[in-house]
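Working notes, beginning with the structure itself.
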Amino acid sequence: MSTKDWILHLDLDQFIAAVELLRHPELRGKPVVVGGSGDPTQPRTVAATATYEAREHGIHSGMPLRTALRRCPDAIFLPSDPPAYEAASERVMNILHTFPVRVEIWGWDEAFLGATTDDPETLAADLQHAVHNHTGLTCSVGIGDNKHQAKLASGFAKPAGIHRLTSDNWAETMNHRPTQALWGIGARTSKKLADLGLHTVAQLAAADPRHLAAHFGPTNGPWYRYLALGKGEAEIVTTPWIARGHSRETTFPHDLTDPADITHHVAALARQVAHDAGEAGRQVTRVTVKVRFTPFLTRTRQSKLPATTTDPDTIAQAAVTILHRFDLNRPIRLLGVAVEYTPPENDQPTLVTLE
DNA sequence: TCTGGGGTCCTAGGACCC
DNA sequence: TCTGGGGTCCTAGGACCC
């Protein structure tokens, strides 16, 4: 065996549910659903995750809590607790940094690792043992030549396993699968591809990139074929991610119709976002207001600020001005405020390139 | 199953300028 | 004005992911 560069994708199994079960060991083996404030009678609240026992009752993440309660009246409902997940995630990422690997964190429960070794499976098993010994959490590890392969491999490795998907076994593993199996092709694109006669990964890989470009745009079209060929990014970026923007939104349990009420909520969301931007030390350059009308029609309006700022009054004023560009004569179920940040100066991320 | 919240990137059309 | 072509910025929406 020869030493070679690998990309590993580490994915914590059932992360939110696993953290909750560590905090409430007495609930192990019971149907548990996590989401919202933990009140399953609250309308317009959905499950963030559900344990395997809850899944046996047909409950899954994204399902309204009221539906979950109907399907399993004995289920235990817990409120979502982001700070707890943040803390658990940080402990895991700290463990990864003790290994001779380059670490790129991808959200709470995932990381890509760059490693040079002749035995990636042993490295993967060592990582799993370290994470489990120090946190009680299990994870799946995918091994690939690039992030796309490693990401799909960790999916095949679930739960708690190790799987290798490289250019050597890509075709035999992926060619017969639907295009939606690729990371970055969802239900919509998969359907459009099928309408063009492209149902499988093999068919997409053999498609004419110009034909794809004509249907999906100059970047996306050829990119889909690239994915079908098993290609993908192979750079591990070890510097912390710099957010492009930030947002806050609220779905109201009951519709809003009073204009003063609507304005008040938008101003409050804008102040919150401005406060967050200030805490993060970032300047705001654009403000977007999002309105979701009943039953489910979503519209956005945005404007670029005359000057960058983090001042809550200025941002709230801008958001309220934008709000009044909407037709507000229909009941509203969601309001949101998003901002775009200016890129921080001296922003030169260090890239560690594989291959 | 009456459908969360927080992100990222791409596309297309119009305005505007040379 | 019976008007070419390209570049850039701004805005709204779509798709995807966790």
Side-chain angles (χ1 to χ4, degrees), chain A residues 9 11-12 14-16 33-40 42-50 57-72 79-80 82 85-86 89 105-111 147-148 151-152 154-155 179-180 182-193 213-224 227 233 241-255 269 272-273 276 285-306 322 325-326 331 333-341:
Chain A
H9 179 255
D11 199 338
L12 291 159
Q14 290 272 288
F15 176 61
I16 292 173
V33 182
V34 183
S37 55
D39 174 5
Q42 179 86 332
R44 298 176 180 173
T45 304
V46 303
T49 189
H57 292 83
I59 298 170
H60 56 80
S61 68
M63 175 180 281
L65 293 186
R66 300 216 288 191
T67 306
L69 178 63
R70 217 179 306 130
R71 293 206 175 182
C72 181
S80 175
Y85 314 140
E86 193 87 53
S89 175
I105 296 168
W106 268 61
W108 281 341
D109 58 349
E110 291 181 42
K147 289 179 182 171
H148 181 209
K151 169 78 183 177
L152 295 186
S154 73
T179 56
Q180 216 184 323
L182 299 169
W183 186 38
I185 294 186
R188 295 302 188 93
T189 303
S190 176
K191 170 81 170 67
K192 285 188 202 167
L193 288 166
H215 281 90
F216 300 97
T219 303
N220 289 337
W223 174 250
Y224 297 152
L227 290 178
E233 187 89 29
W241 177 253
I242 293 162
R244 309 296 198 259
H246 178 63
S247 67
R248 296 263 181 170
E249 63 185 50
T250 305
T251 293
F252 303 97
H254 303 288
D255 292 339
L269 286 164
Q272 176 69 60
V273 170
D276 297 338
T285 182
R286 173 184 302 280
V287 178
T288 301
V289 174
K290 175 168 159 184
V291 179
R292 178 124 75 212
F293 300 97
T294 307
F296 208 74
L297 177 73
T298 308
R299 288 290 178 263
T300 62
R301 293 286 180 274
Q302 59 181 257
S303 66
K304 190 173 164 65
L305 296 174
I322 293 164
R325 285 159 49 195
F326 287 92
R333 57 176 289 151
L334 172 148
L335 290 171
V337 174
V339 295
E340 185 184 312
Y341 293 144

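Letters A, B, ... are given to chains in the order of the sequence lines, protein chains preceding strands, and every chain is numbered from 1. Since the model is a prediction, treat every value here as computed from it, not as a measurement. Only heavy atoms go into these numbers, but all of them, side chains included; no hydrogens, no water, no symmetry mates.
- For C/dA12, the OP1/OP2 oxygens have no side-chain nitrogen or oxygen of A/Arg299 closer than 4.0 Å.
- Between A/Ala48 and A/Pro218, the residue anchored closer to the 5' end of DNA chain B is A/Ala48, taking for each the nucleotide with the nearest heavy atom.
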Each base of DNA chain B marked ( ) or [ ] if paired in-strand (Watson-Crick or G-U under 3.5 Å), | if paired to another strand and . if unpaired gives ....||||||||||||||

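- The residue A/His246 sits close only to the backbone: its heavy atoms come under 4.0 Å of sugar-phosphate atoms, none of a base.
- Atoms CG (A/Asp39) and P (B/dG4) sit 16 Å apart, rounded to a whole Å.
- Sequence order on DNA chain B of the closest nucleotides to A/Asn220 and A/Gly62 puts A/Gly62 first from the 5' end.
- Rounded to an integer number of Å, the gap from CD of A/Gln14 to P of C/dC18 is 14 Å.
- Contact annotation for A/Lys290: no contact, since no heavy-atom pair falls under 4.0 Å across all strands.
- Using a 4.0 Å heavy-atom cutoff across all strands shown, A/Ala243 reaches sugar-phosphate atoms only and no base atom.
- Atom CD in A/Glu233 sits roughly 13 Å away from atom C1' in B/dC9 (whole-Å rounding).
- Rounded to a whole Å, the NZ atom of A/Lys192 is 8 Å from the C1' atom of C/dG14.
- Rounded to the nearest Å, the gap between the C1' atom of C/dC18 and that of B/dC2 is 23 Å.
- If you measure from atom OH of A/Tyr85 to atom C1' of B/dG5, you get 14 Å, rounded to the nearest angstrom.
- Looking at A/Leu65 and A/Val33, their side chains come closer than 4.5 Å, going by heavy atoms from C-beta outward.
- You'll find that the side chain of A/Glu249 is closest to B/dG5, out of B/dT1, C/dA12, B/dG5.
- The aromatic rings of A/His148 and A/Trp183 sit parallel, their planes meeting at an angle under 30°, below the 60° perpendicular limit.
- One C1' atom belongs to B/dC16, the other to C/dG4, and the distance between them is 16 Å to the nearest Å.
- Ranking B/dG4, C/dT11, B/dG5 by closeness to the A/Phe296 side chain, first place goes to B/dG4.
- Of the candidate nucleotides B/dG6, B/dT11, B/dT1, B/dG6 has the atom nearest to the side chain of A/Arg248.
- Side-chain polar atoms of A/Thr251 and A/Arg333 form no donor-acceptor pair below 3.5 angstrom.
- Residue A/Thr250 is in sugar-phosphate contact alone, with no base atom involved, counting any heavy-atom pair closer than 4.0 Å across all strands shown.
- Of the candidates C/dC18, C/dT11, B/dT3, C/dC18 carries the atom nearest the A/Asp109 side chain, counting heavy atoms from C-beta on.
- Looking only at side-chain heavy atoms (C-beta outward), A/Asp11 and A/Asp109 come within less than 4.5 Å of each other.
- Note: CD1 (A/Ile105) to C1' (B/dG7) measures 16 Å, nearest angstrom.
- Using a 4.0 Å heavy-atom distance criterion, A/Ser80 is classed as making no nucleic acid contact.
- Minimum atom distance to the side chain of A/Thr251 is reached by B/dG4, of the listed B/dT1, C/dA15, B/dG4.
- Contacts of A/Trp241 with the nucleic acid, taken as non-hydrogen atoms under 4.0 Å apart, involve only primed sugar atoms and P, OP1 or OP2.
- Nucleic acid contact for A/Arg66: none, since no nucleic acid atom lies under 4.0 Å from a heavy atom of the residue.
- For the pair A/Trp183 CH2 and C/dC18 P, the interatomic distance rounds to 7 Å; values are reported in whole Å.
- Distance from the side chain of A/Arg71 is smallest for B/dT1 among the nucleotides B/dG4, B/dT1, C/dC18.
- In this structure, A/Arg325 reaches the sugar-phosphate backbone alone: every heavy-atom distance under 4.0 Å involves primed, P, OP1 or OP2 atoms, never a base.
- Closest to the A/Thr219 side chain, of the nucleotides C/dA15, C/dA12, B/dC10, is B/dC10.
- Rounded to whole Å, the distance from CZ on A/Arg188 to C1' on B/dC9 is 17 Å.
- Checking B/dT1, C/dG13, C/dT11 against the side-chain heavy atoms of A/His60 singles out B/dT1 as nearest.
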